[in-house]
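These notes concern the structure reproduced below.
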Amino acid sequence: MVARRSSGHRRPVGGARAAAALALVAAAALAACSPAAPSDRHPTGAAPQATASPEAVKPAVRWKHGIPAGYAISGEPPGPGVVELGNPENGCLLQLTRATLPAAVGDDRTATEEALDLSIRMLDGEEIDRRDARLTTSTGRMAAREVVVRSAVGAQAADLRMVLRSAAADHALVGLVHICPVGSVDEAVWATFVDSATLHGATATEY
């Protein structure tokens with residue numbers, strides 16, 4: 001289980017509201033990259049129950065994940081195909097996302113970069129860093145890209161981490177997202193969450 005950073009006090013409510021608002025925008029940005037996908041709300045990784053659109057093949061991939069200390073699964077995720085975990089103490093959110101890709105999306109690396117670019121534009125955020133990353137699958141590691149963004153809702157700013165991979169072979173855009181009020185990101189929690197969340201049913205590895 002992930003250890004929670006001790007803060008000694010709660011973050012301002014405004015910062016938590018900014019993080020929640022940006023979570024909605026992030027979910028909308030990812031949905032804009034592809035049609036909707038079914039939900040993975042249960043940590044057990046139970047098989048999805050939704051029907052795919054006739055224009056795309058439903059991805060077979062699904063997330064299995066733990067719940068870090070201090071977090072709880074949201075009963076109202078910000079969009080289809082999104083699992084959201086929230087920490088009421090520091091206002092931080094963690095998300096696992098998956099969505100169906102259309103039949104033709106180009107090569108995986110280009111499609112991944114384009115999905116990140118679109119997300120940043122919709123967040124109206126400042127890109128701080130972009131780097132190679134890895135997602136964990138049930139058969140090994142999957143190449144991905146991570147972006148660090150700072151965005152704001154009104155006067156309230158928030159920090160966002162996002163790891164994405166567009167995988168044409170799996171008909172899926174998958175990702176992990178972390179959104180916190182500025183200064184609240186716990187890098188150890190984020191790193192452990194990225195390493196421990198496991199994508200099942202994926203075949204893609206390198207680009």
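Owing to the predicted nature of the structure, the values given are computational and were not obtained by experimental measurement.
Here the shortest heavy-atom pairing between Gly66 and Pro68 reads O-CD, 3.8 Å. Scanning both residues, Ser184 and Asn90, for their nearest heavy atoms gives OG-O, 4.0 Å. The minimum heavy-atom distance linking Gly91 with Pro181 is given by the pair O-CD, 3.6 Å. Minimum heavy-atom separation, Leu101 to Ala172: CD1-O, 3.2 Å.
Side-chain contact of Thr203 with Asp170: a donor-acceptor pair under 3.5 Å is present, judged by distance alone. If you check the side chains of Asp107 and Thr110, you find a donor sitting under 3.5 Å from an acceptor. Side-chain polar atoms of Thr205 and Arg141 form no donor-acceptor pair below 3.5 angstrom.
Annotation: side chain of Pro78 is in contact with side chain of Gln95 (closest heavy-atom distance under 4.5 Å). Side-chain contact between Met162 and Leu116: present, with at least one pair of heavy atoms (C-beta onward) separated by less than 4.5 Å. For the pair Leu135/Leu176, a side-chain contact is recorded, criterion being any heavy-atom separation below 4.5 Å from C-beta on. Inter-residue side-chain proximity for Leu199 and Val174 is flagged as met; some heavy-atom pair is nearer than 4.5 Å. Inter-residue side-chain proximity for Ile73 and Glu84 is flagged as unmet; no heavy-atom pair is nearer than 4.5 Å. Arg145 has its side chain out of reach of Val163: every pair of non-hydrogen atoms, C-beta onward, lies at least 4.5 Å apart. Put simply, the side chain of Glu113 does not reach to within 4.5 Å of the side chain of Leu164, judged on heavy atoms. Two residues are said to be in side-chain contact when any heavy atoms from C-beta on lie closer than 4.5 Å; Lys64 and His200 meet this criterion.
Between Arg134 and Glu206 there is a salt bridge, with a side-chain nitrogen of the basic residue lying less than 4.0 Å from a carboxylate oxygen of the acidic one. Checked for salt-bridge contact, Glu146 and Arg131 meet the test: a charged N lies under 4.0 Å from a carboxylate O.
Under the 30°/60° scheme for interplanar angles, the aromatic rings of Tyr71 and His178 are found to be tilted.
Judged purely by atom type and a 3.5 angstrom limit, Thr137 has no side-chain atom pairing as donor or acceptor with the backbone of Met142. Although no hydrogens or angles enter the test, the distance criterion places no donor-acceptor pair under 3.5 Å between the side chain of Asn87 and the main chain of Leu93. A distance-only check finds no donor-acceptor pair linking the side chain of Trp190 to the backbone of Val185 [under 3.5 Å]. Using modelled atom types, one side-chain atom of Arg165 and one backbone atom of Ala143 make a donor-acceptor pair closer than 3.5 Å. Between the Ser151 side chain and the Val149 main chain, no donor and acceptor come within less than 3.5 Å of each other.
The distance from atom SG of Cys92 to atom CG of Asp159, rounded to the nearest 0.5 Å, is 9.0 Å. Atom CG of Leu96 sits about 6.5 Å away from atom CG of Leu85, to the nearest 0.5 Å. Here CD of Glu114 is found 9.5 Å from OG1 of Thr112. Values are rounded to the nearest 0.5 Å.
Grouping the Ile, Leu, Val, Met, Phe, Trp and Tyr side chains by contacts below 4.5 angstrom, directly or via other members, places Ile67 with Val194.
Seen from the ring of Phe193, Arg161 does not count as a face-on cation partner, given the 6.0 Å and 45° thresholds.
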Determine, stepwise, if the pair His65 / Thr198 fulfils side chain to side chain contact (heavy atoms under 4.5 Å, CB included).
CA-CA 6 Å; His65 61 93; Thr198 303; over 6 Å; no
Output, in order, the C-alpha distance, side-chain angles, deciding distance and verdict of side chain to side chain contact (heavy atoms under 4.5 Å, CB included) for Leu94 and Val177.
CA-CA 6 Å; Leu94 291 165; Val177 182; over 6 Å; no
